[in-house]
Amino acid sequence: MDLRQFLMCLSLCTAFALSKPTEKKDRVHHEPQLSDKVHNDAQSFDYDHDAFLGAEEAKTFDQLTPEESKERLGKIVSKIDGDKDGFVTVDELKDWIKFAQKRWIYEDVERQWKGHDLNEDGLVSWEEYKNATYGYVLDDPDPDDGFNYKQMMVRDERRFKMADKDGDLIATKEEFTAFLHPEEYDYMKDIVVQETMEDIDKNADGFIDLEEYIGDMYSHDGNVDEPEWVKTEREQFVEFRDKNRDGKMDKEETKDWILPSDYDHAEAEARHLVYESDQNKDGKLTKEEIVDKYDLFVGSQATDFGEALVRHDEF
């Protein structure tokens, strides 16, 4: 069984086995916090280290001297400077922070890429993905596990075509990433909304009414009394979700619900790092300005700094 299918089946089976009537399903996609540490530079730069490197990468390596730290930070700066003009802008720093925070996504894509790029040409076509994912079940019209694989395949094909910007049914790694993690890409958000509405809209009228909204989160399972959080969700639907008060959520209302416009923590941190490091106040950073403030970005010895610096061969 393909890894993606296995994980999907495992997830569904686990959810079925462990779910309780009072458990709440959360479909809202929030931007994660950059760190669980307090952002107080007067006490430490731990938050900044987590934000710049990612929490998993920002672990302590006591053997790094300040000189080693500065040298390896310089190599990371060269990678952040996307247009190679010798400066790091707020936007470039923001993009790097988002990459560092979502490194797990790219690692997931790398794992799946190997199983789907069957001819090893550095691309994944729809045919390759379909054969690797559904090839063994398409010949069975009545699979024992109860999943409608043909319906799943149609849905995957639609998403694949949306991710495939040039329409050649062949995905680059970036397009494949958008296919696997559509919530991370602005141009894929409509398909996220569409798939969510299809999951919840049981009467297929193109809207999500109150009972469908609640039914997606909570199963009465014979219980007459609803828990308090369900009553709160009913109020949320009426007061906030259903903006035009017509008793149901349309596409735009559903998008506002599951893809809220969150505060951009990465941009705020990027601006903070530039402000603290920009010695000549020109609004952008040179490598020298960043390295001079290495303790803010990564630290050394007794401070937190990342595996990204130790594994400098990656950069």
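Everything numeric in this text was worked out from a predicted model, so none of it was measured.
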inquiry  = Please verify the inter-ring angle class for Tyr129 with His116; under 30° counts as parallel, over 60° as perpendicular, anything in between as tilted.
reply    = parallel

task = Spell out, as yes or no, whether a donor-acceptor pair under 3.5 Å connects the side chain of Gln101 to the backbone of Ala51.
result = yes

ask   = Are the charged groups of Lys231 and Glu228 less than 4.0 angstrom apart, N to O?
value = yes

ask   = Between Lys281 and Tyr275, is there a donor-acceptor pair closer than 3.5 Å when you use the side chain of the first and the backbone of the second?
value = yes

inquiry  = Taking the ring of Tyr213 and the ring of Trp257, is the distance between their centroids below 6.0 Å?
reply    = yes

ask   = Would Arg271 and Glu267 pass as an ion pair if we require N to O under 4.0 Å?
value = yes

Atom pair OG1 (Thr196) and CD1 (Ile208), whose distance is rounded to the nearest 0.5 Å = 7.5 Å

ask   = Does the ring of Tyr47 carry Lys37 above it, NZ/CZ under 6.0 angstrom from centre and within 45° of its axis?
value = no

query = Out of Asp50, Asp48, Asp46, which one pairs with His39 under the side chain to side chain donor-acceptor pair (under 3.5 Å) rule?
reply = Asp48

message = Closer than 3.5 angstrom, by distance alone: can the side chain of His181 be matched with the main-chain N or O of Thr177 as a donor-acceptor pair?
response = no

ask   = Can Glu107 and Arg103 be counted as an ion pair, charged N to O under 4.0 angstrom?
value = no

Derivation and outcome, side-chain contact (heavy atoms from CB on, under 4.5 Å), residues Asp81 and Phe87 = CA-CA 6 Å; Asp81 180 16; Phe87 297 98; 5.6 Å; no

key: Pairs satisfying salt bridge (charged side-chain N to carboxylate O under 4.0 Å, His left out), at least one member in residues 193-208, at least two apart   = Arg27-Asp199, Arg155-Glu195, Arg155-Glu198, Arg155-Asp199, Arg158-Glu198, Arg159-Glu195

ask   = Any ion pair linking Glu127 and Lys130 (charged N to carboxylate O, less than 4.0 Å)?
value = yes

key: Shared hydrophobic cluster, Ile258 / Tyr187 (ILVMFWY, side-chain heavy atoms < 4.5 Å)   = yes

query = Which class fits the ring pair Trp96 and Phe99: parallel under 30°, tilted 30 to 60°, perpendicular over 60°?
reply = tilted

query = Does Asp121 offer a backbone N or O that forms a donor-acceptor pair with the side chain of Asp117 under 3.5 Å?
reply = yes

Side-chain donor or acceptor of Asp242 paired with backbone N/O of Gly247 under 3.5 Å = yes

request  = Apply the test salt bridge (Lys or Arg N to Asp or Glu O under 4.0 Å) to residues Asp95 and Lys98: give CA-CA distance (whole Å), side-chain angles for both, the deciding distance (0.1 Å), then the verdict.
outcome  = CA-CA 5 Å; Asp95 289 344; Lys98 288 189 173 183; over 6 Å; no

query = Which word best sums up how the rings of Phe176 and Trp113 line up, parallel for under 30°, tilted for 30 to 60°, or perpendicular for over 60°?
reply = perpendicular

message = Run Glu211 and Arg234 through salt bridge (Lys or Arg N to Asp or Glu O under 4.0 Å) and show every step you take.
response = CA-CA 9 Å; Glu211 294 310 313; Arg234 288 185 180 276; 2.8 Å; yes

query = According to the salt bridge (charged side-chain N to carboxylate O under 4.0 Å, His left out) rule, which pairs have a member within residues 174-186, sequence neighbours left out?
reply = Lys102-Glu184, Asp186-Lys189

key: Residues which pass side chain to side chain donor-acceptor pair (under 3.5 Å) with Asn131, listed by chain and number, not counting sequence neighbours   = none

message = So does Asp282 get a backbone contact from the side chain of Asp278, meaning a donor-acceptor N/O pair under 3.5 Å?
response = yes

ask   = Between Glu253 (side chain) and Lys243 (backbone), is there a donor-acceptor pair under 3.5 Å?
value = yes

